[in-house]
Structures are given as C-alpha cells and as structure tokens.
Peer 1: 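Below is a structure I'd like to ask you about.
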2 protein chains.
Amino acid sequence: MTSRGPSKRVRKAPAERRHEIVAAAAHVGLTEGLECVTLRRVADELGVRPGLVGHYFPAADTLVAEAFTAATMADLDSLLPERPDGPGGDDTPRAVLRRFFTLTSSTEFDNVSRLWLNARHLSRYRPELRDHVVAQELLWCGRVEQTITAGTESGDFSCADAWASALRILVAVDGASAYINTSADRRGAPIVHLARAVAETELGLGAGELAPI
Amino acid sequence: MTSRGPSKRVRKAPAERRHEIVAAAAHVGLTEGLECVTLRRVADELGVRPGLVGHYFPAADTLVAEAFTAATMADLDSLLPERPDGPGGDDTPRAVLRRFFTLTSSTEFDNVSRLWLNARHLSRYRPELRDHVVAQELLWCGRVEQTITAGTESGDFSCADAWASALRILVAVDGASAYINTSADRRGAPIVHLARAVAETELGLGAGELAPI
DNA sequence: TTGCTTATTGGTCGCATACTCAATAGCATT
DNA sequence: AATGCTATTGAGTATGCGACCAATAAGCAA
C-alpha cells in the first residue's frame, strides 16, 4: 500500500528528481491523458508535495510537453529501430515494417494512439507542447523514411520519394487511430489494414506482403 | 458595440432560447474549441446570465455534445448532399466527391478539422459527447456510402463494398486533418492529395479523376 | 388593468487548477 | 559533530469551473 501519512521527506539530486517527475508525468499522460498531468496529480504519483513539482516546472506547460516527448520516445525505438540492420536484430526493412504495422494495430498500442490524439488536440492551446509534437512527428517520419530508404537500397522496396511515402503511410496510420475513443470497436473492419495497404502500394509491394506472418 | 451594463432582461419561449443557446455553443466550439463551451462563455456570447444556460442544460456535458452535433450537421449537408441528383443541383456522384475533396482540403475547412480532432479526443472523458460523435461518424460514412452507391449504379464508379470504401476514404480524410494543430504547414505536401488518391483507387478511377477541375 | 405563470437573474457553495514564497529539514562537507 | 547549502514543504492567493436556489420581473391571459 502507498504510505498514508506525511512520509519523511527525501532529498534527491535535482537532475534525478527532475527525471523522476517527467517519468511520472509521462505515465499519467499515457494512461489518463495529458489533461491529468497536473502539479497535484504528478506529485501524488511520486509521493511528494505539489509545490516540489512546481519548483522544477515553473510553467506547467513545460511538464506536459516533456511528458509527451518522454512517453513517445519510449515507443519510437521499440517500433522503429534506428538502424534496421544494426545491433539488436538483423531485421530486414520488410520485417521492420511488418512488425510496425502489427504493433500499431494491436490493442497494446491503444494508449499510444490516445496520447497522440490527445497531444495533437491539446497543441491547439499549448504552444510548448505543440513544438514537441511537431518535433516527434518529424522524428517518426524520418525514422520511417530511413527504413524505406534502406529497403530501397537493398532492392526490397521500389519507391521514388521515400519522404513523401513515409508521410502518406503515417497519415494512414494516424487516420486509422483517430477513432480510438469513439468507434474503436470498428477496428475489425477494413480500416485496420488500410495503413498496411497504403504502405504496400507506396513501396511497390504486392498486397499482403507486409501482413503479419 | 455590445451592451455593457445589465441589459433589460428579455423573456423568450423555451424552445427558441434553447435553440439559441445550442447555436451559440456550436459557434464557440467551432471557433475556440469545445473546452471553451462553458456555461459562462456561452452566456456571455448571448448576453445572458450563466444561470440561464445552466437552467436549460443541468449537465454541461449535454450542451457540449449538442454543440458538436449542431456544428457538424451544418457542414454535412453542404459537403455531401443527401440525394446526389436531388433538388438543389443535379450533380453527378463524381462531381459531388470532387467538391467534397476540394472543400475538405481548403483552409475554410480548418476549423471543422479542429472540431473533429477536438471532439474525438474529448470523447475520452465525456460519454455523452462520445455518443454524438459516434452518431455523426456513422452519418458521414453513410452519406459517403450513398454517394458511392449512386456512382456505382450509374456506372461511374467500380466498387465492390461501398461501406468499406467509404470507411477507408474517411480514414484518409481524418488522417490528413490530424495535423491541423501541429504541422498544418505541411499541407502543400503529398498528404493533401492522399485522401483523393485513396478514393480514386477505391472507386476504380484513374489518378486525378477526382482532382478539382 | 390586474394577476399569474415561469423565464431569468444574482448570488453562493465546493472543488480544482497554477503559481508564489517564506519556513523547514535532509544531506554533504568541513 | 557542527555547519551550510538547498531541496522540500506548507500555506496562501487568484482564477475558473459546474451546480444549486431563492428572488425577481417579463409578458401573456383574464
């Protein structure tokens, strides 16, 4: 059980404490939504007083923005490894994309879909968050582009403009996940595979070549 | 100029007042976001006291939900007329879709894109709004399906499953509009035409056949 | 004109948020 | 063991929200 009374105060190095706060904020944002990333909610998560969180983040917007980046960065590397054939698995670009589409359409990814939807809307009001979201969008798109380029060079894919194709593939992914809070039960419907189909078209592959094995 | 002091109170028929409130809430939701649809904000818009709005909407969620429906219903009929060849223009299904893609990718549609993004996220927390969004999603999809079916019967389109195609087309539209608050400046990029390209593929048309004249 | 129904007001209450700042106490250094 | 730096607390301010309710007055009907 979590400690009830005012626990003995623990003094930590600023860098460590700050990192701890961002991690807690990322967890709250991922599971409950970025609107719930408040000084009080994050402080509760850590068992500290709200004032402490406010001390490290004089503007709450900064905490929300960093929470988003922390949460999405974690998924990025697992979904799209920086070097498709680097250490940690000699996956072919085709295998990487296959895994990408399998994971992004699984229910494990639902909270991540919610987070992106959340962040893209909240960016309307919070400029600092907006900057972080734009940066992540570019990062993800670049990572997909890397994978496509690698596949084109190895002869697996046939693609004239890797960046444009990456853009279109991500549009399809984001479109499919837009309904996560409303008509998510329609997932079994044709929309789940739209992103995969778009990718196959973009990369000159036959239908089903990026489907899970 | 707007009246400053407490203007003489005006007494209206409940039905009229209620409709007026929903219209004002829809305007606020469309231009400033559904989070700004509060009892106070809507009351200001109308020049009445917040208590009055609260009287007509004992639960604020209801007002937000109805505001969303009112705002989206207005666009639906202008974008996708119920009878493609009915009164008000003997447009062919092809012309209807052409206009649909032209309008949805114009900047005039930006606030509508923001509204949908807004509503789909907010549905996470507000069940009543969620119901309205789901209903609108079905309505829009059905309207696209109608147009596709009409085009298939007239021989303009070639489509096996009109409903599935309508779903995929809307996924592409929503995907393209997901970046409205973040990377909207990328609109000139290939993503704008993705939805149109998806539609052309789905309906067995050649590339560019749904492009603006 | 008088009276009555009820739409509308004005105020309050409880709760949650961000933000500020002096006071406190943990921990490393001396 | 004593000292000093500063991480941390606790309390307070200001703003905004939804919800509630008695008092008021607008406009219709008699």
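Here is the naming used below: chain letters follow the sequence lines, and residue numbers restart at 1 for every chain.
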Peer 1: Is there a side-chain contact between A/Y179 and B/V134 in this structure, where contact means two heavy atoms from C-beta onward sitting under 4.5 Å apart?
Peer 2: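 Sidechains of B/V134 and A/Y179: no contact.
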Peer 1: In whole Å, I'd like the distance from the CZ atom of A/R18 to the P atom of D/dT8.
Peer 2: 13 Å
Peer 1: Return the value, rounded to whole Å, for the distance between atom CD of B/E20 and atom C1' of C/dT8.
Peer 2: 13 Å
Peer 1: If you round to the nearest 0.5 Å, how far is CG of A/D174 from CG of A/L117?
Peer 2: 9.5 Å
Peer 1: Which ones in residues 38-61 of chain A lie close to DNA chain D, meaning a heavy atom under 4.0 Å from one of its atoms?
Peer 2: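 Of all residues in residues 38-61 of chain A, the ones placing a heavy atom under 4.0 Å from DNA chain D are A/V48, A/R49, A/G51, A/L52, A/H55, A/Y56.
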Peer 1: If you go through the side-chain atoms of B/R11, does one of them form a donor-acceptor pair with the base of C/dT6 closer than 3.5 Å?
Peer 2: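 Yes, the side chain and the base share a sub-3.5 Å donor-acceptor pair.
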Peer 1: Less than 4.0 angstrom between a side-chain N/O of B/R9 and OP1 or OP2 of C/dA7, yes or no?
Peer 2: no
Peer 1: Quickly work out the B/R126 CZ to D/dC17 P distance and round it to whole Å.
Peer 2: 12 Å
Peer 1: When you check the gap from the basic side-chain N to the acidic O, do A/E35 and B/R124 get nearer than 4.0 Å?
Peer 2: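 Here A/E35 does not pair with B/R124 in a salt bridge, since their nearest N and O are not under 4.0 Å apart.
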Peer 1: Tell me: NZ of A/K12 to P of C/dA28, nearest whole Å?
Peer 2: 13 Å
Peer 1: Starting at atom CG of A/L34, determine the distance to atom P of C/dT17, rounded to an integer number of angstrom.
Peer 2: 15 Å
Peer 1: Do A/L97 and A/L203 come close enough that some side-chain heavy atom pair is under 4.5 Å?
Peer 2: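 Side-chain contact under 4.5 Å: yes.
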Peer 1: How long is the line joining CD1 of B/I21 and P of D/dG18, in whole Å?
Peer 2: 13 Å
Peer 1: For a quick check under 3.5 Å, do A/R130 and B/N181 share a side-chain donor-acceptor pair by atom type?
Peer 2: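 Absent: no donor and acceptor within the cut-off.
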Peer 1: With A/E32, which residues qualify under side-chain hydrogen bond (donor to acceptor under 3.5 Å, both in side chains), at least two apart?
Peer 2: A/R41
